[in-house]
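Structure record follows, encoded as structure tokens.
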Amino acid sequence: MKKLKFIYLFVAFSMLTTLSCEDILDVEASDAFAEDLIYSDPVQVERLVYTVYNSTESWGINKAQWWSRRFNIEAGSFEAKFNFKNLDLFRLRAGWTDSNAGILNEKWRNYWDYIRLANEFLDRIDESEAMQKDPEHVAILKAEMRFLRANAYSKLLKYYGGVPILERALGLDDNFQLVRNSYEECVTFIVNELDEAAAVLPESRPDVEFGRATKLAALAVKSRTLLYAASKLHDPSTAPNGPLYDYAKASKWQDAADAAKAVIDMVGARDLIAVSDATDYQNLFLAPNEDILFARPFSAAYYDFGTDVNSLWDQTQSPSGYGGWGLSSPTHNFALQFNMADGTRTDAAGSIYDPANPNANREMRYYADLNYQGAQFRGRTVDYALADTPSATTPDGPDSPNGIVEGIGVNQEHSSKTGYNIRKFQDESLTAPTDIAAQRPFILYRLAEIYLNYAEAQAELGNDDSARIFVNKISSRALQPAITAAGEELKEAIKRERRIELAFEGHNFFDERRWMNEEHLGFPIQGLTWTKAPDGTLSNTEYTVVTRPWFQKHYYLPIPATEVEKAPSLLQNSGY
């Protein structure tokens with residue numbers, strides 16, 4: 001048992017590669033990594049917690065793989081597709097198998113690695129010398145670790161359904177034939193852990209501790225967990241069903257509403273930070289602000305790849321003509337979800353939307369979130385157009401498949417296949433996409449999500465007046481007219497607001513699944529090709545880039561076959 005615990009601790013400290021050598025341990029013992037020495041010092045205990053903060057993830061879907069450190073789950077959602085060579089890295093077209101789920105293969109192992117580290121910590125901390133030396137500080141560290149473990153469980157739950165609940169580190173003499181707990185048991189465990197952590201965590205942190213867990217962060221994870229649990233996917237009447245997937249509590253929507261309301265009450269139901277235009281809105285995502293409830297900070301202390309410019313979105317998502325890699329191309333399907341400036345839908349009867357001029361008269365967030373043909377970005381006009389007859393006066397656009405990038409040449413593989421790139425999260429004050437924006441956080445939970453959680457739960461409860469109040473806090477901040485819908489129309493309006501307000505923040509992949517909206521899970525991915533006439537006149541054609549099929553088994557990832565082989569007591573997910 002002691003040997004296994006020592007291994008966990010060695011792994012934990014091997015992951016702290018971003019700390020300077022002289023700061024790792026300040027002890028004179030020859031066996032510097034001995035666990036008793038680590039747990040005798042509150043400073044070293046705190047660094048163990050830093051390691052597990054990496055479980056919250058950041059800009060990349062998988063930090064252990066070169067490609068997938070540089071884009072996220074948006075490329076496997078309704079929002080976007082992976083752009084480079086039209087590769088099927090998520091295997092959404094090929095279909096997942098228990099031996100191959102594409103770049104999502106490592107999710108199971110990654111989360112369990114962090115849960116094991118958390119369990120080792122929680123096994124030791126109460127009886128540690130560090131707790132005796134500084135009980136108040138170390139009690140908060142313990143609460144942080146419980147928060148991080150619960151957050152990791154919430155991620156496992158979204159991907160896999162019910163999973164084994166392990167509250168201590170397994171020893172060599174323990175039974176490794178693990179059994180999956182029910183979905184409902186996992187939700188209960190997560191909620192209880194978050195409640196107990198929230199009771200200890202501070203309500204706020206000083207600026208130097210931005211990115212550390214707070215009571216608000218714990219309650220935000222609880223809100224999202226209970227909202228997902230209440231959703232259609234987990235109703236016993238829908239398939240797949242059974243204990244691993246079902247959440248049958250009669251009070252589920254009220255519980256979800258109450259969880260969101262706990263956060264709302266703490267912030268006094270205040271309005272979101274006001275903006276006057278798209279630039280103001282963009283800036284909300286470039287530095288810490290009061291609307292952020294929990295985020296990964298730009299810090300070498302507990303943000304492993306955060307200081308690698310090639311993992312930040314200025315480089316990885318800028319259009320190809322800027323030297324960017326454009327790895328996640330927003331779909332035209334998703335771009336059409338953005339309203340017109342007057343609040344009407346692009347597909348509404350009498351809408352002023354003009355397919356020949358798709359970028360005109362759109363809502364403010366369209367201009368803040370997307371790069372499109374004609375957008376003003378980093379000192380020039382984005383230009384995806386191919387010239388009918390290329391010439392000095394009407395050349396192919398620098399962001400087109402024939403665009404020339406200085407020092408690179410033609411950047412065809414990185415040119416957008418859909419006619420869009422992601423603008424959100426990019427710091428346009430930087431001189432070049434390879435420069436560093438030292439204050440930019442990766443936002444994990446923010447107040448706008450909580451208001452949308454509350455609006456959705458209240459609408460499901462039939463409390464339309466309350467739902468409208470909080471969805472309109474989102475819509476009005478986005479300079480859109482007030483939403484006046486009721487009933488099913490209101491529910492759809494809330495879903496649209498959620499898609500647009502939380503765009504590219506890692507929600508849509510799960511939202512469309514929990515809503516069981518298969519039209520947004522399997523569909524022909526549409527794009528726009530732009531053409532430039534000799535006189536410079538532009539025209540576009542909508543086309544199908546690739547068709548993403550839908551497989552019913554894709555509501556959940558498969559548990560890796562190697563894990564089931566090691567522990568046959570683990571039931572495989574439906575369809576695998």
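Residue indices begin at 1 and follow the sequence shown. Note that the structure is predicted; figures quoted are calculated from it, not measured. Heavy-atom basis, side chains included; hydrogens, waters and symmetry copies ignored.
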Return the set of residues passing side chain to side chain contact (heavy atoms under 4.5 Å, CB included) with A80 (not counting sequence neighbours), or none when no residue passes.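 With sequence neighbours excluded, A80 shows a side chain to side chain contact (heavy atoms under 4.5 Å, CB included) to E74, S328, given in chain and number order.
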Verify the distance criterion only: is there a donor paired with an acceptor across the side chains of [X] and [Y] at less than 3.5 Å?
X: D369; Y: Y281; result: no
X: Q282; Y: E428; result: yes
X: T331; Y: Q526; result: no
X: T381; Y: Q376; result: yes
X: Q480; Y: S475; result: no
X: R70; Y: T316; result: no
X: N472; Y: S476; result: no
X: S351; Y: R345; result: no
X: E518; Y: Y555; result: yes
X: Q373; Y: N359; result: no
X: Y445; Y: E449; result: no
X: D427; Y: S429; result: yes
X: S251; Y: D255; result: yes
X: N421; Y: S416; result: no
X: H520; Y: E512; result: yes
X: S68; Y: N62; result: no

Treating [X] as the side-chain partner and [Y] as the backbone partner, does any N or O pair qualify as donor plus acceptor under 3.5 Å?
X: D435; Y: T431; result: yes
X: K417; Y: E413; result: yes
X: S154; Y: T225; result: no

Is the W67 ring parallel, tilted or perpendicular to the F82 ring (thresholds 30°, 60°)?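 Ring orientation, 0 to 90° scale: perpendicular.
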Check the orientation of W59 and F425. Use parallel for under 30°, tilted for 30 to 60°, and perpendicular for over 60°.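 It falls in the perpendicular class, over 60°.
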Begin from the C-alpha positions of T214 and F294 and carry the test side-chain contact (heavy atoms from CB on, under 4.5 Å) through to its verdict. CA-CA 8 Å; T214 63; F294 184 57; over 6 Å; no
Has [X] got its NZ or CZ under 6.0 Å from the middle of the six-membered ring of [Y], at an angle within 45 degrees of the ring axis?
X: K424; Y: F285; value: yes
X: R380; Y: Y322; value: yes
X: R365; Y: F338; value: no
X: R513; Y: F509; value: yes

Show the numbers, then the answer: is there a side-chain contact (heavy atoms from CB on, under 4.5 Å) between D246 and E184? CA-CA 7 Å; D246 293 351; E184 193 162 325; over 6 Å; no
Per the salt bridge (Lys or Arg N to Asp or Glu O under 4.0 Å) rule, which among K155, R69, R296 passes with E57?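 Per the salt bridge (Lys or Arg N to Asp or Glu O under 4.0 Å) rule, the option paired with E57 is K155, out of K155, R69, R296.
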For the residue pair Y245 and H234, is the inter-centroid distance of their aromatic rings smaller than 6.0 Å?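 Centroid separation for Y245 and H234: 6.0 Å or greater.
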Excluding sequence neighbours, so at least two apart, what forms side-chain hydrogen bond (donor to acceptor under 3.5 Å, both in side chains) with K553?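 Here no residue qualifies.
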